[in-house]
Amino acid sequence: MTALLEVSGLVKSYSGVHAVKGVSFAVQAGQILALIGPNGAGKSTCFNMLNGQIEPDAGSIRIAGEEIVGLPPRAVWRRGVGRTFQITATFSSMTVRENVQVALLSYHSRLWSMLGYAGASHRDEADRLLDLVGMTQQADRPCGELAYGDLKRLELAVALANQPKLLLMDEPTAGMAPKERVELMRLTAGIARAKDIGVLFTEHDMDVVFEHADEVMVLNRGELIARGTPQEVRRDPHVQAIYLGEGLLYDAKHREEAVS
């Protein structure tokens with residue numbers, strides 16, 4: 001069976017410094033895969049190559065068997081790759097619903113409709129996405145009034161507007177309170193498994209990683225040094241030595257106690 005995402009021999013250097021060095025992995029439909037590593041490990045560079053923001057020096061990236069290296073972000077997005085960012089990017093003067101409508105207009109190649117008709121376009125579809133992420137009650141609020149956790153939920157709804165097969169999430173819980181982190185990742189995991197969406201995410205919160213990832217990859221100085229189940233990675237002495245630290249390797253159940 002062809003993997004949803006196949007990455008082979010990915011390389012990126014800056015002035016002779018290897019940011020990403022020979023990285024290879026695959027993501028299956030419905031799988032939730034975490035990519036972790038210390039600051040400067042190359043995680044964001046890797047992500048930016050996957051969705052076309054940066055072109056690799058070498059290597060292959062295939063979505064459902066199709067090579068996408070060299071395609072611009074919009075073309076990658078149209079092939080079913082959704083993306084969320086560390087810092088939310090929404091239109092603060094627009095309502096929650098309107099932000100989703102803009103994404104839907106783009107997906108349906110109807111951005112011309114923004115000239116006077118945007119408010120009526122894809123309204124029901126936008127409302128269904130907002131209901132999916134628990135934002136229905138805030139549909140008419142300007143984004144500038146939202147709490148940060150709600151902005152993250154809205155960003156997820158926008159990322160789902162192109163009916164993605166693969167969702168890339170760069171530190172999705174950054175800046176959120178512990179309880180909000182748990183809720184957002186449970187929501188994401190539930191949607192991904194229900195819709196058979198592959199998810200690749202980076203994250204510094206190890207509790208989020210160990211609770212929700214099916215598998216974990218560890219990147220260090222541009223190289224993948226480990227991959228396995230959360231339990232296997234937690235026990236890997238090499239990973240402990242270079243990144244996690246003994247104090248962070250406790251079970252996810254402690255997170256429940258911290259936020260309950």
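Numbers for residues simply follow the sequence, beginning at 1.
- Side-chain heavy atoms closer than 4.5 Å link hydrophobic residues (I, L, V, M, F, W, Y) into clusters, and following such links, even through other members, never connects Phe85 to Leu168.
- A distance-only check finds a donor-acceptor pair linking the side chain of Asn99 to the backbone of Thr95 [under 3.5 Å].
- The minimum heavy-atom distance between Pro230 and Ala213, with the atom names listed, is CG-O, 3.2 Å.
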Starting from the C-alpha separation in whole Å, work towards a yes-or-no answer on side-chain contact (heavy atoms from CB on, under 4.5 Å) for Phe201 and Val209. CA-CA 9 Å; Phe201 73 101; Val209 170; 4.2 Å; yes

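- Between Cys143 atom SG and Gln138 atom CD the span is 9.5 Å, to the nearest 0.5 Å.
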Carefully, step by step, assess Leu184 and Glu155 under the rule side-chain contact (heavy atoms from CB on, under 4.5 Å). CA-CA 11 Å; Leu184 179 67; Glu155 187 183 36; over 6 Å; no

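- For the residue pair Ala26 and Arg227, the shortest heavy atom distance occurs at O-NH2, 3.2 Å.
- Within a 6.0 Å sphere centred on OH of Tyr148, heavy atoms belonging to other residues, nucleotides or ligands number more than 12.
- Note on Val96 and Leu160: same hydrophobic cluster, where clusters join Ile, Leu, Val, Met, Phe, Trp and Tyr whose side-chain heavy atoms are under 4.5 Å apart, directly or indirectly.
- Nearest heavy atom pair, residue Leu33 against residue Glu215, reads CD1-O, 3.3 Å.
- Of all the heavy atoms in Gly82 and Pro164, the pair that sits closest is N-CB, 3.7 Å.
- No side-chain heavy atom of Glu180 sits less than 4.5 Å from a side-chain heavy atom of Thr173.
- Considering CD of Gln137 and CG of Asp131, their distance stands at 9.5 Å, rounded to 0.5 Å.
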Test log, rule side-chain contact (heavy atoms from CB on, under 4.5 Å), inputs Met217 and Val23: CA-CA 11 Å; Met217 299 185 298; Val23 167; over 6 Å; no

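- Note on ring orientation: taking the six-membered ring where Trp is involved, the planes of His108 and His122 are parallel (angle under 30°, cut-offs 30° and 60°).
- The cationic atom of Arg234 (NZ for Lys, CZ for Arg) lies less than 6.0 Å from the six-membered ring centre of Phe210 and within 45° of the ring axis.
- Two residues are said to be in side-chain contact when any heavy atoms from C-beta on lie closer than 4.5 Å; Leu4 and Gln31 fail this criterion.
- A donor-acceptor pair under 3.5 Å is absent between the side-chain atoms of Asn51 and the main chain of Pro73, judged by distance alone.
- Contact of the Lys12 side chain with the Met49 side chain is registered, since non-hydrogen atoms from C-beta on lie closer than 4.5 Å.
- No hydrogens or angles considered: a donor-acceptor pair under 3.5 Å links the side chains of Glu67 and Ser60.
- Judged by the 6.0 Å and 45° rule, Lys43 forms no cation-pi pair with Phe47.
- A distance of 13.5 Å separates CG in Leu10 from NZ in Lys21, rounded to the nearest 0.5 Å.
- Hydrophobic clustering (ILVMFWY, side-chain heavy atoms < 4.5 Å, transitive): Leu167 and Leu132 are in one cluster.
- When the side chains of ILVMFWY residues are joined at heavy-atom separations under 4.5 Å, either directly or via intervening members, Leu187 and Met185 end up in a single hydrophobic cluster.
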Check the pair Arg79, Leu166 against side-chain contact (heavy atoms from CB on, under 4.5 Å), reporting the backbone distance first and the verdict last. CA-CA 9 Å; Arg79 282 158 175 78; Leu166 174 68; over 6 Å; no

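- Val100 has its side chain within reach of Leu154: a pair of non-hydrogen atoms, C-beta onward, lies under 4.5 Å apart.
- With rounding to the nearest 0.5 Å, the separation of CG in Leu35 from CG in Leu219 is 5.5 Å.
- No more than 12 heavy atoms of other residues, nucleotides or ligands sit less than 6.0 Å from atom CZ of Arg221.
- Note on Leu104: it does not cluster hydrophobically with Val81, by side-chain heavy-atom contacts below 4.5 Å among ILVMFWY residues.
- Here the shortest heavy-atom pairing between Ala159 and Thr84 reads CB-CG2, 3.8 Å.
- The line from CD1 of Ile197 to NZ of Lys165 is 11.5 Å long, rounded to the nearest 0.5 Å.
- With Glu232 contributing its side chain and Thr229 its backbone, the two residues share a donor-acceptor pair below 3.5 Å.
- Two residues are said to be in side-chain contact when any heavy atoms from C-beta on lie closer than 4.5 Å; Thr90 and Val158 fail this criterion.
- Using a 4.5 Å cut-off on side-chain heavy atoms (C-beta onward), Pro56 and Val69 make contact.
- Between Ile63 and Leu5, some side-chain heavy-atom pair lies under the 4.5 Å cut-off.
- Here Asp124 contributes atom CG and Leu129 contributes atom CG; the two are 11.5 Å apart, rounded to the nearest 0.5 Å.
- No hydrogens or angles considered: nothing links the side chains of Arg62 and Ser8 as a donor-acceptor pair under 3.5 Å.
- Taking both residues in full, the closest heavy atoms of Gly198 and Val27 are given as CA-CG1, 4.3 Å, listed atom of the first, atom of the second, then distance.
- Taking 4.5 Å as the limit, every side-chain heavy atom of Arg78 sits out of range of all side-chain heavy atoms of Asn162.
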Could you walk me through whether Asp170 and Arg83 pass the salt bridge (charged side-chain N to carboxylate O under 4.0 Å, His left out) test, one step at a time? CA-CA 8 Å; Asp170 195 359; Arg83 173 80 189 262; 3.6 Å; yes

